[in-house]
Novice: 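This is the structure I have questions about; it appears just below.
Below, each value reflects all heavy atoms present in this structure, side chains not excepted, and no hydrogens, waters or symmetry copies. By convention in this document, chain letters (A, B, ...) are assigned in the order of the sequence lines, proteins followed by strands, and residues within each chain are numbered from 1.
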Amino acid sequence: MVYTLCFLLFLIGMYGVTCKKNIVKIILGFLIMEYSINLFLILLGWKEGGIAPVVDHSVSPDVLVTRSVDPLPQAMVLISITIGLGILCLMVAIAIRLYQRYGTFDITEMNKLRH
Amino acid sequence: MDNLSLFISIPAAVAFFIPVVSRRLRWFPDVSASVTSFFLLMLSLMTLNHETVYKMGDWPAPYGVVFVLDGFSCMMLVIVNLVVFFTAIYSVDYIEKFYTSKLRYYSLLLLVLTGVNGVILTGDLFNLFIFLELSLVASFALVGFGCSARDLEGSFKYLVINLLASYLIFMGIALLYGKFASLNMADIARMVANSDGMSDQVVVFAFVLLLVGFATKSAIVPFHGWVADAYTSAPAPISAVLTGAAVKSLGVYVLIRLAYNIFGMNSILSTIFAYSGVASIIIGVLMALGQWNFKRLLAYHSISQIGYIILAFGIGTPLAIVGGIFHILNHSLFKPLLFLNAGSVEYETGERNLARLGHLSKKMPVTAISSLIASFSISGIPPFNGFWSKLLIIVAAVQAGRPLLALWAVIGSILTLASFAKIQKYVFFGSGERFKEKMLSGVGEVPFLMRISMIVLAIFCSLAGLLLVGGLNGIFGPVVNALAGGPELYITRIFGK
C-alpha cells in the first residue's frame with residue numbers, strides 16, 4: 001500500500017515535468033520525483049521497531065541481524081540527495097538565465113531554435 | 001594495467017586542479033586536458049585484450065563495488081578516450097575564438113570523461129547511476145556553455161528529457177534493489193538466472209524502466225527528441241564528444257550490457273532492438289534530408305547511425321555483434337570528424353546555414369578533403385570504414401533470415417549518401433542559393449591543431465577497415481566472447497567458479 005502511494009508520488013512528479021509549461025513547475029516536478037524515489041528506498045530498508053545497524057557489543061549478533069534496519073538504502077539516499085542538490089542548482093541557474101533572455105518562464109514561448 | 005581506478009581518479013583530479021591552478025598559469029588548461037586525455041588513451045590501449053576485476057578497497061564482489069574490464073568494456077574505453085583526446089586538441093583554438101572561460105570548459109570536459117569511463121567500468125548499478133549523473137550534469141553545463149538564448153534553450157531541453165530518463169533508471173534500480181537486495185550487476189544476473197526472474201512482474205517492470213531510460217539516453221527513435229536541439233546548440237567539439245563518447249557509453253553500452261550480460265537476450269528483446277533500430281535508421285535519415293542547418297543535419301544522422309548499431313545487436317549473431325561493435329568504433333571516428341568539420345566551417349565563416357555557404361574547397365582544402373572522407377565513410381562507400389561495418393550488419397541480417405531488415409538498412413545507407421552529397425555540394429564544391437561572393441574574403445584554413453586532429457581522424461577513417469583482418473579471432477574476438485557468453489560468463493568473471 002505504502003509503496004503504491006510512493007509510486008503515485010512519482011507519477012505526480014512526472015505529470016508536473018511533462019505537462020506543465022512553467023519552468024519553475026517543471027523543476028518542482030523533478031524534485032517531487034526525486035523525493036518519491038528517496039522515500040521508496042528508505043521504506044525498503046525500514047523495519048518496525050528496528051535498531052541502528054551499528055556493531056555494538058551490548059547487542060548480540062543475532063539480534064543485530066534480525067532487528068537492525070538496512071543501512072545501504074540510507075547511504076544511497078544521502079548520495080542521491082547530494083546529486084539532486086547539484087542538479088537543482090544547475091536547473092535553477094539555467095532557469096534564471098532563460099528568464100533574463102526571454103523575459104518569461106513559459107517554455108512554449110522559447111522557440112528560437114525552431115527558426 | 002590492473003589498477004582500473006586510474007581511469008576515474010586521473011581525470012577527476014585534473015578536473016579539480018584546472019580551476020585551482022590556471023588563474024596564474026594561462027597555458028595550463030589546454031596542456032593538462034590534452035596530456036591527460038592522451039595519457040588515458042595510452043592506458044586504455046594497454047588494457048586491450050586484458051580481462052580483470054578490480055575490487056574497490058579490496059571488498060569482495062557482492063559487498064563492495066567492483067570495476068570489471070572485459071573485451072567489450074576495454075574496446076569502449078579506447079573509443080571514448082580517443083574521441084575525447086582529439087576533441088581536446090581541437091578545442092584549444094576553437095574555444096579561444098568563440099567562448100571565454102577555458103578553464104571551466106576543460107574542467108567540465110574532463111568531468112564528462114570521468115563519468116563516461118566510470119559508467120563503462122563499473123559493475124554496480126548504483127555506482128553506474130552516480131557516474132551517469134556526473135557526466136550528465138557536466139554535459140548539461142557544456143551544452144549551454146555559450147549562454148546565448150539558443151544555447152540555454154537547447155541545454156534545458158536536453159536537461160529535462162535526460163533527467164526524466166535518469167529518474168526512471170533510478171526507480172528501476174530501486175525496484176531491483178527491493179527485489180534482490182543487491183546492487184552488484186553480476187549478483188543480480190545470477191539471481192535473475194536462478195529464479196527465472198524474467199517471469200516476475202517486478203523484475204520485468206524494473207527492466208522496462210531501465211530500457212526506456214537508457215534508450216532515451218542513446219536516442220533511439222521514439223525517444224530521440226532531445227538530440228537535434230542539444231547537438232545544434234552545443235559547441236562543435238562538445239557535439240563531437242556527445243555523439244562519439246557520451247551517447248555511446250551512457251546509452252548504447254549500458255543497454256547492451258543489460259540486455260546481453262545481466263538479463264539475458266530473448267526473442268522479444270531482440271525484436272524490440274531490431275525494429276527500433278530500423279525505425280531510427282529510416283526516421284533519422286528522413287529528417288536529416290530536409291535540413292539546412294549543418295549541425296542539425298549531422299545530429300539527425302547520429303540518430304540514424306545509432307539505429308544501425310541497435311539493429312546489429314538486435315540480430316545478435318556473432319557476425320552481427322562484430323558489425324555492431326565495429327560500427328560503434330567507426331561512428332566514433334567519422335561523426336566527431338564531421339562535427340569538427342562543421343566547427344571549422346563555423347570558425348572561419350561564422351555560418352551554419354548550408355544555403356549561405358559555398359566554394360570552400362579552394363579556401364579550406366584540409367577541411368574539405370577530410371569531410372569528403374568522412375562523408376564517404378558514413379554513407380558506406382568502399383574502402384572507407386563505414387562500408388565494412390554496414391556490410392557486416394547487412395550480411396548478418398540476411399544470414400539470420402531477416403532480409404527485410406537488411407533491405408531497410410540498405411535504403412537508409414542510400415538516403416545517407418544523398419544527404420551527404422547535399423553537404424558536399426552546398427558547402428565545399430558548389431554553392432547554396434543565398435551564397436554571396438564576399439563571404440569568402442578573409443576565409444583561410446583553420447589553425448594547426450584543429451587541422452591535425454581532423455587529418456588524423458580522416459586517416460583513421462580510411463584505414464580502420466584493416467581492423468577486420470582476422471575476423472572473429474581478430475581484435476573484435478574478445479568483444480564477441482564477452483557478449484555471446486551471456487550472463488553466465490559475466491557471473492563467472494566476477495565470482496569465479
Novice: Which answer fits B:Ile130, side chain, backbone, both or neither, if we ask what part of it has an atom under 4.5 Å from a heavy atom of chain A?
Specialist: both
Novice: Count the heavy atoms of every other residue, nucleotide or ligand shown that sit under 6.0 Å from OH of A:Tyr35, and state whether that count exceeds 12.
Specialist: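 No.
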Novice: State, to 0.1 Å, how close B:Ala174 and A:Leu44 come at their nearest heavy-atom pair, and which atoms those are.
Specialist: O-CD1, 3.5 Å
Novice: Enter the distance from A:Phe40:CZ to B:Met171:CE here, rounded to the nearest 0.5 Å.
Specialist: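 Answer rounded to 0.5 Å: 5.0 Å.
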Novice: For chain B, which of A:Pro73, A:Ser36, A:Gly86, A:Ala93 has the most heavy-atom pairs under 4.5 Å?
Specialist: A:Pro73
Novice: Minimum heavy-atom separation for B:Cys147 and A:Arg101, please, with both atom names.
Specialist: O-NH2, 2.6 Å
Novice: With rounding to the nearest 0.5 angstrom, report the CG to OG1 distance, B:Leu164 to A:Thr18.
Specialist: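 It is 7.0 Å, given to the nearest 0.5 Å.
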Novice: Taking everything shown except B:Lys179 itself, do over 12 heavy atoms lie less than 6.0 Å from its NZ?
Specialist: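 Open.
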Novice: Testing the basics here: between A:Ile94 and B:Ser155, what is the closest heavy-atom pair and its distance to 0.1 Å?
Specialist: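 So the two residues come closest at CD1-OG, 3.5 Å.
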Novice: Please report the interatomic distance OH(A:Tyr99) to CG(B:Leu152), rounded to the nearest 0.5 Å.
Specialist: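 Between atom OH of A:Tyr99 and atom CG of B:Leu152 there are 15.5 Å.
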Novice: What do you reckon, is NZ of A:Lys47 surrounded by more than 12 foreign heavy atoms closer than 6.0 Å?
Specialist: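 Correct, the count exceeds 12.
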Novice: Got a second to check how far A:Ile27's CD1 is from B:Phe156's CZ, nearest 0.5 Å?
Specialist: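 Going from CD1 on A:Ile27 over to CZ on B:Phe156, the span is 5.0 Å.
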Novice: As a quick check of understanding, evaluate side-chain contact (heavy atoms from CB on, under 4.5 Å) for B:Val137 and A:Ile83, giving each step before the final call.
Specialist: CA-CA 9 Å; B:Val137 172; A:Ile83 294 175; 5.6 Å; no
Novice: Can you tell me how far the CZ atom of B:Phe129 sits from the CD1 atom of A:Ile79, to the nearest 0.5 Å?
Specialist: 10.5 Å
Novice: In terms of the angle between their ring planes, are A:Phe30 and B:Tyr167 parallel, tilted or perpendicular, with boundaries placed at 30° and 60°?
Specialist: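 Rings of A:Phe30 and B:Tyr167: tilted, 30 to 60°.
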Novice: Against chain B, label A:Tyr3 side chain, backbone, both or neither, depending on which of its atoms sit under 4.5 Å from a heavy atom there.
Specialist: neither
Novice: How close do A:Tyr102 and B:Glu153 get, counting heavy atoms only, and between which atoms?
Specialist: OH-OE1, 2.7 Å
Novice: Go through it in stages, so that I can follow the logic: the residues are B:Tyr63 and A:Leu72, the test is side-chain contact (heavy atoms from CB on, under 4.5 Å), and I'd like the CA-CA distance, side-chain angles, deciding distance and then a yes or no.
Specialist: CA-CA 10 Å; B:Tyr63 310 111; A:Leu72 192 57; over 6 Å; no
Novice: Considering only heavy atoms, which portion of B:Ser148 lies under 4.5 Å from any heavy atom of chain A: side chain, backbone, both, or neither?
Specialist: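 For B:Ser148, the contact with chain A is made by the backbone alone.
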Novice: Using 0.5 Å steps for rounding, measure from the CE atom of A:Met76 to the CG atom of B:Leu125.
Specialist: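 It is 9.0 Å, given to the nearest 0.5 Å.
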Novice: Evaluate the criterion side-chain contact (heavy atoms from CB on, under 4.5 Å) for residue pair B:Phe170 and A:Glu34; output intermediate values, then yes/no.
Specialist: CA-CA 9 Å; B:Phe170 195 20; A:Glu34 195 208 328; 5.7 Å; no
Novice: Please classify the contact between B:Leu175 and chain A as side chain, backbone, both or neither, with a heavy-atom cut-off of under 4.5 Å.
Specialist: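 For B:Leu175, backbone and side chain are both near chain A.
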Novice: Are the side chains of B:Leu163 and A:Met33 in touch, meaning some heavy atoms are under 4.5 Å apart?
Specialist: no
Novice: Let me know if A:Leu41 has heavy atoms under 4.5 Å from chain B in its side chain, its backbone, both or neither.
Specialist: side chain
